[in-house]
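Worksheet: one structure, shown below.
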Amino acid sequence: MNSVIEKGNLIARIQEGKDLDQILAYAKEQLYRNGPIDTVVLEILSYLKLFQNSYFAQYESEIVETMGLFFKDPHPETLQGAIFDMYRQYIKATFGEDYTPLQANILKQIQDKQYFSFSAPTSTGKSFVFRNLIKASTKDVAVIVPSRALINEYYDRITRLVDIKISNVLTFVERINTKHAERSVFILTPERARELFKNKSWLNIELFLFDEAQLSDEQSVRGLYFDSIVRRAQKAFPQAKFVFAHPFISNPEAQLKRNDVMDTGAFSNYHLKTVGQVFYVHDVTNQKYYHFGSDRKVLGDRKIESKIDPIEQAILSGGSVLIYVPKSHIYNKSVFQHFRKYINLCTKIQNPRALQMIEQLQSYIGASNKTQYFYNSEMLDMLQYGIVVHHGSMPLSARLILEHFTQERFCRICFATSTLEQGINMPFDVVYLDKFEASKSLSVKNLIGRAGRSTQNNCFDIGSVVIRQNAMSNFRKVLFKNETISEVSHLDRDDEKLDEKYNEYKDAIKNDEFSDEYNLTNKDLEKLRADTITAIIPTLLDMIFVDGHLIDPDTDMKDIYDDFQSLYKGYLGRDLVSAEKWVLSSAIKIMIWKVYGRTFSSICQFRYAYVSQVNERRKLNSQGRTQEADALCARYVSGYHDLPNKQLKSYPLIPPSEKAKNVDYDLIVYDTYDFLDKLIGFKLSDIFYAIFHQYYKNNEDERALKIANYIKFGTDSDKEIWMLRYGLSFEEIEWASPCIDSINEEEIVFNDRINELSDEQLEIVSPFLPE
Amino acid sequence: MKILESREVPATGTAIVHFIRIDPEDISATLSDVLKALMDLSWLKHFDEDWLVQSYRQRAQITIDDIKSKFAASDQGKITHNAGEYVVSELSREAIVSELGYLDIPLAELLGRKVSGNPGFDFHSQNCSTDTVIFGEAKYITAQSAYPSAIKQIKEFIDDKKDVADIAEISRFCTPQSLRRAANGFKGFAAAFSAKGTSSDRLISAIQARAEYAELLKYEEIILVAVNL
């Protein structure tokens, strides 16, 4: 080791301005010889920039060039730089873009090999490469991502990138617009990707991109799906290329091994980074911040008090801070107390574009800002100051708005849970880990990777990571820990001991006993055709329909709810415990409201009005009995829980002692979304659809088909179902429908009323409009 | 490269002093050697050697021509200065090897520290008949002869014991005897510098008039290499 490094204590020495030439020389040489791979070297450079800015500035462009960050347009001033510049020019001549060496290498490997699996740190620009690959391809492409949040992000970017007149960009496997579109780009979760196989006759897929492919290692049905999709795609589309991307995985070759394609595949484990990072520890007792190095020997044994508060500095300079917290602390609002000092630094947003996004969100969740005690959303109140909350129970559409809000740099502080780690492209200047889960090292690395935005400027970008005192030693361990994934596919593993349902799914997938049409195992389907279930259906249909139409929504539906409960019991093959009944009852009500076409906002408002006694309070208020109104307590409503769960205990979403006026509207929004997303979307709708659809097939009762369609699509109208397939939402169908004369697989034929649409509305249907 | 002159210069101290004057002629080959040696040291070499070689094939001539035209135009930019020092250093090293028959330590081995920008001698050689290690410093200045800065720099490096620090790095190439001698203070220095139209005699007498030069004469050997760049 270099003697200047052996002396150690680099943070202190750089701060004091000692031996700068030698320290910089060491870092530059490491960078030149090994590339930007070493956390410690990048840390040294970051401290040079932080403490000795004008000194560092003389070498900054050279450092950017040596890191290969060509998109920053560095100008070489040395012969060493000229080497990198030649490489840059070669990349540009080959791909037409200022790709980094890493990005170019990914493309090269994909061109050369049928299978390519790689691992790269977050923020290395792989999404940019993927998007350009999708843009350049001429045939169908399937992008497989782990979450619907990521689907949204890809969708958003790809629609802006490709010629949407000739490329369908779809988040489900649908055959649409065939008269005009030349190909389709599918962005799918593994669950949705199953639909590819029954449509393979008309598909011409040239590329499968598996992003965040570490999902394959998840010990769950989803991990299993992932593996099965890869296997089936290999068989169904033997000509296609397969690309697997992971963050921070040390054995990307695992994907090739688990699918037996080591011979025809290549793999790379890239360590190249694009930003430098510095680390702070926050002592909450004295509210001071301290610098500490990832490597004690080199950077120093002792933490050094920081002259600045990194969070305060980021907020005041228009930057952004991610604070990683447990979801419960967002729900009970303790984070807002905890970080009050920083919240108070945020000023009210005036930017019209930001205000427009806030309004959009308000209308989506159905909140009101007129009075504190009726439909008021604290989440929106905070957003007006650039404070975002982001977690898995935040509705997807809301999350998308919040992500745009953040990407457009209106966010100052984002309180987020682990949902953010799923690769969503939201970098921050500072990442504060209020919760540190050493056991989830890959997640922690992903979060740390969010610190530091790689800008387009010709400068060395730095991000800051802040942890709590008690996490220091674990933090160092996690930072340098190897992350491996299994080299054996779930499908080939005999030693997995998960729950019964998992094993049932696994056997079904392995033995081709899984129904893609119904998204259930054949065994389940058989159960749902059993007499105990089908016997309930005729009377249930008689109750739901009057003269072929859905009954009036104001009718008492208790018996209908009970029958749906009985159907679910039949599926489980046992009675429900009372807490399960409460949860299921709420879920069924919400599902039926959806059948009646209620929007998300109206369901939230409806549930809020019930729990917080809106009508009663308004009535009392109007009679001047304000005190009585204020004294009313919240009504009992069951919150979301996963089903089935025999151990579930009943307790209300809002404690009965809570004053009705203080019921948190946001909590209702999150809970309603959990029901819709996790229980109805992921479980109940498949089960009920299969029950009614199979019944229709066997008994030709049109009413069963109707209710099946209502449950699956939210409508029974052919036209509306086609519009949904074309990617329009129910809200959009409302205004688009009158403008459409006909719609089918081939195309949408619009009428003259299209001219009455607003520019925003026109943009939504623009892919399908004639030239 | 053409050797224009090579002669011994009378000196008062213990040192034997050589003067060599070079016409670089076409510096393309030298620049190409330097670029290749730098390439071999860069991370791109092990990241994707194939592409690095291809990028060189496609772009090196353009880069070299560009630098040559900058020399011709007496450009004062940083890259001209940086390339100038590499060229002066490498040509001088080659001249010492070919003209004086000294030890040929490959260029690539010498560039390791150069890429870091860490201050220290630019090149090394060894007088094989006397077992004397030569520590070389190269300077390029666009507008005038660069000998003052080369001589001054050598003096400073000696004061900072940079030569002593270098011994470990060159130990693989030099004879044990020469290393021992160097450690005991028996060593030589080469001052390589860009020179313009000034005649060799005037250059030599100007160098001889410098106090730093006089101090160098107590060592074993001094080599002055003037490069017409």
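Excluded from the calculations below are hydrogen atoms, water molecules and symmetry mates; all remaining heavy atoms, backbone and side chain alike, are included. This is a predicted model, so every value here is computed, not measured. A note on names: the letters A, B, ... follow the listed sequences, proteins ahead of strands, and every chain is numbered from 1.
- When atom types are taken as modelled, the side chain of B/Trp43 and the backbone of A/Thr66 share a donor-acceptor pair closer than 3.5 angstrom.
- Around the NZ atom of A/Lys108, the shell of radius 6.0 Å holds more than 12 heavy atoms that belong to other residues, nucleotides or ligands.
- B/Phe47 approaches A/Leu272 most closely through the heavy-atom pair CE1-CD1, 3.5 Å.
- Considering only heavy-atom pairs separated by less than 4.5 Å from chain B, the leading option among A/Ile37, A/Leu31, A/Leu79 is A/Leu79.
- Using a 4.5 Å heavy-atom cutoff, the side chains of A/Arg33 and B/Leu41 are in contact.
- Among A/Tyr32, A/Phe84, A/Tyr59, A/Tyr270, the residue with the largest count of heavy-atom pairs under 4.5 Å with chain B is A/Tyr32.
- Shown here is B/Phe186, whose CZ atom has no more than 12 heavy atoms of other residues, nucleotides or ligands within 6.0 Å.
- Residues B/Arg59 and A/Asp85 fail the side-chain proximity criterion, which asks for heavy atoms closer than 4.5 Å.
- Contact annotation: the side chain of A/Tyr87 never approaches that of B/Met39 to less than 4.5 Å [non-hydrogen atoms, C-beta and beyond].
- The nearest pair of heavy atoms linking B/Thr63 to A/Ala82 is CG2-CB, 4.0 Å.
- Remark: the backbone N or O of A/Glu77 is not paired with any side-chain donor or acceptor of B/His81 at under 3.5 angstrom.
- Side chains of A/Tyr90 and B/Tyr56 form no contact here, defined as non-hydrogen atoms less than 4.5 Å apart.
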Test side chain to side chain contact (heavy atoms under 4.5 Å, CB included) on A/Gln89 and B/Ile62; report intermediate values, then the result. CA-CA 11 Å; A/Gln89 301 303 337; B/Ile62 303 170; over 6 Å; no
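- In this structure the side chain of B/Leu52 reaches within 4.5 angstrom of the side chain of A/Ile83, judged on heavy atoms.
- A distance below 6.0 Å separates the ring centres of A/Phe95 and B/Trp51.
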